[in-house]
Number of protein chains: 2
Amino acid sequence: MNLNELRYIVAVAQERNFRRAAERCFVSQPALSTAVQKLEEELGVQIFERSRTEVTLTRVGARLVEQAQRTLEEVERLRALAREGRDQLIGALRLGVIHTVGPYVLPDLIPALSQVAPEMPLEVEESTTAQLEINLKNGLVDVLLLALPFDVPGIEALPLYDEVFEVVVPARHRWARKRALPPQALSEERVLLLNTGHCFSNQVAEACPEVGRGTSGVSAPGNSLETIRNMVASGSGVTVLPASANSERYRSALLTVVPFTDPAPSRRIALVWRKSFGREKAVEVLATALRSLHLPGVTILPFDAAIVPGIPFTTANAPKPPASA
Amino acid sequence: MNLNELRYIVAVAQERNFRRAAERCFVSQPALSTAVQKLEEELGVQIFERSRTEVTLTRVGARLVEQAQRTLEEVERLRALAREGRDQLIGALRLGVIHTVGPYVLPDLIPALSQVAPEMPLEVEESTTAQLEINLKNGLVDVLLLALPFDVPGIEALPLYDEVFEVVVPARHRWARKRALPPQALSEERVLLLNTGHCFSNQVAEACPEVGRGTSGVSAPGNSLETIRNMVASGSGVTVLPASANSERYRSALLTVVPFTDPAPSRRIALVWRKSFGREKAVEVLATALRSLHLPGVTILPFDAAIVPGIPFTTANAPKPPASA
DNA sequence: ATGTACTGATAGGCAGAACATATCACAGCG
DNA sequence: CGCTGTGATATGTTCTGCCTATCAGTACAT
């Protein structure tokens, strides 16, 4: 049995004539005739009574044709479902994001995205890179927004932007009036950082080896940079934050932001998803929305930027987008 | 799209593994892989996410698989309907029968048939041969029980039995004590017959030309031989009836039945149906039931008896059933 | 590190299904 | 009697569906 055979018997039942039915099915009359015979044979039931003058439905035939119609309707419904699902910008997109990016990106991202893809709500999960990797692999989330490197097989990555690090000190701190600080300076102070489960802490420690090796690095509780910012404001030490964390939204009169001396340490933020994840269009729209957020201290990368951050970003070697878009 | 493809995606969705799904579908893994790809291509939608380690449903995929299952269920329901309809002894059989046969056959036929085919009730229509022919052609009835000849294209006929004619006279009639009468004798009497729309009347007239030509033949009102029997009982004349009309059931003290002299005139009763009518089994059961009714004055015919009555039946030339059944 | 086992995708070849064209057998009608 | 219209049949071609063999990549144990 196949769907064409069902279409054929429905057509014959409606037309009560093999030729016209064949025409309506866009096949030759013999093709239709033999197909109907084959179906009757397979079902072991005569569906039509054929006389030279007219074609009639048998009693069973009438019920079979009715059921065939129902079946074909279900097939049509399936087609309709596929048609609806064809638009990749319909349906929630589950985004995993690291703690040190989420709070500074999502408030602007979500309205921007709902503008360009109103039928694709974001479902956000905030966690550490390690946990996000697990959830991406087992399909609990679709796309990750995190800091490179992220070298995992079966994964596609699209670098979005580089973001410099900045020193944050209490407003009355002796460094508050400095124009810039070299990374080494941090060894002189108590530097509050998230625990080592957070990639950002490790990247700071890497950029400022004194903090990593010496005793100046202090692990703060929780998963939020905002906790640390408040601790700094209350005089518990200094810290290093990614530039996007120092937007107007999060600025405080109690704190002062001091940039690093050139070349400032930075991190490369990227979108990452399973190669097998089919909604490229959704990822593309998400990437475009992220690139156009106008975050402070951030340099948008061209589409072909390297996965590895490479030489820390400076204004001197800022990558240019290719001439041909 | 075809039904196998639907079966395949359901299997993959259940097994979450192409190999196992292929095994369950009794096809090779490549066959299943390409079929699923083909369907995804056709629908323009990704149904599964394939990674090396596992297969996951996309959101659309989940809905499509669900709908595919519904569709396959409808197909299964169609198969079930066919299975039910396969038994040709299920469902009413519409039988057309001539007026001069019905009353003498049906009272015994109906219970006999409901014995061997309880799920095949008879729907009986009693009429003249001409009207029955029309109704058989346009499908209002399925099978006819009538007297031969009945030569119509596209029609199958199965002769069942030969039935002699008998003379019926009032009990005190001068013929009542005769052992037998020659057909010619009828010209001496008023012979009551149905009008010429009834084949039986014509057959009597044919067998006894004197009745047909002369004035002895009298057309009685109505379509029932029983009306005529009563008229004979009340002395309006004599008549000729088929032997089955003179069973115990219809016998009367006011009447006497006198056989014709050998060779007695007779008629050949047959079942007749459209060649395209598919329920041969139903016809066969009906024929068998009719053959085993034990009607008086009736000789059962072998299966290969001629359509034309041929030489009037006598005990001398009685046909024998073939050795091999 | 490296070999083994497992995944799904791909390549090439073959058999059968599905189809088209041409023709037949038959009923109905003028 | 010839003409028209019906569904069935015959024959050849095209294409689909499937097979086996193989590849490419990941996971995992050694």
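Residue numbering restarts at 1 for every chain, and letters A, B, ... go by the order of the sequence lines. Everything numeric here is computed off the predicted structure, so don't read it as measured data.
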- Side-chain N,O (B/R50) to OP1/OP2 (C/dA9) below 4.0 Å: yes
- Message: Nearest 0.5 Å, please: how far is CG in A/L286 from CG in A/L271?
- Response: 5.0 Å
- Query: Can you list the steps and then say if B/L3 with B/R7 is a side-chain contact (heavy atoms from CB on, under 4.5 Å)?
  - Reply: CA-CA 6 Å; B/L3 292 172; B/R7 283 185 253 278; 3.4 Å; yes
- Query: For C/dT7, does either OP1 or OP2 sit under 4.0 Å from a side-chain N or O belonging to B/R19?
  - Reply: yes
- Task: Return no unless some side-chain N or O of A/N4 is found under 4.0 Å from OP1 or OP2 of C/dA17.
- Result: no
- Item | Value in whole Å for how far the C1' atom of C/dT10 lies from CD of B/E41 | 15 Å
- Item | Sequence neighbours excluded, every pair satisfying ring pair (Phe, Tyr, Trp, His ring centres under 6.0 Å) that has a member inside residues 54-102 of chain A | A/H99-A/H198
- Query: In whole angstroms, how far is the P atom of C/dA27 from the CG atom of B/D151?
  - Reply: 11 Å
- Would you jot down, in residue-number order, the residues of residues 24-39 of chain B having a non-hydrogen atom under 4.0 Å from DNA chain C? B/Q29, B/P30, B/S33, B/Q37
- Query: Which residue, B/F18 or B/K275, contacts DNA chain C at a nucleotide closer to its 5' end, judged by nearest heavy atom?
  - Reply: B/F18
- Atom pair distance, as rounded to whole Å: CG in B/N2 and P in C/dA17: 14 Å
- Would you indicate, yes or no, if D/dG5 has its OP1 or OP2 atom less than 4.0 angstrom from a side-chain nitrogen or oxygen of A/N17? no
- Task: Taking A/E15 for its side chain and A/A22 for its backbone only, find out whether a donor-acceptor pair lies under 3.5 Å.
- Result: no
- Query: For A/F200, which residues count as a ring pair (Phe, Tyr, Trp, His ring centres under 6.0 Å) partner, sequence neighbours excluded?
  - Reply: A/F165
- Task: Could you tell me the separation between the CD1 atom of B/I155 and the P atom of C/dC26, rounded to a whole number of Å?
- Result: 15 Å
- Item | Interatomic distance where CD belongs to A/Q46 and P belongs to D/dG7 [whole Å] | 14 Å
- So does B/R70 pair up with B/E73, basic N to acidic O under 4.0 Å? no
- Message: Without decimals, in angstroms, what is the distance between B/L3 CG and C/dA17 C1'?
- Response: 15 Å
- Query: Does A/E40 pair with A/R50 as a salt bridge, N-O distance under 4.0 Å?
  - Reply: yes
- Quick one: B/E49 CD to C/dT7 C1', roughly how many Å, whole number? 16 Å
- Starting at atom CD of B/E54, determine the distance to atom P of D/dA27, rounded to an integer number of angstrom. 10 Å
- Message: Counting the atoms with a prime plus P, OP1 and OP2 as sugar-phosphate, which does B/Y8 contact under 4.0 Å by heavy atoms, base, sugar-phosphate, or nothing?
- Response: sugar-phosphate
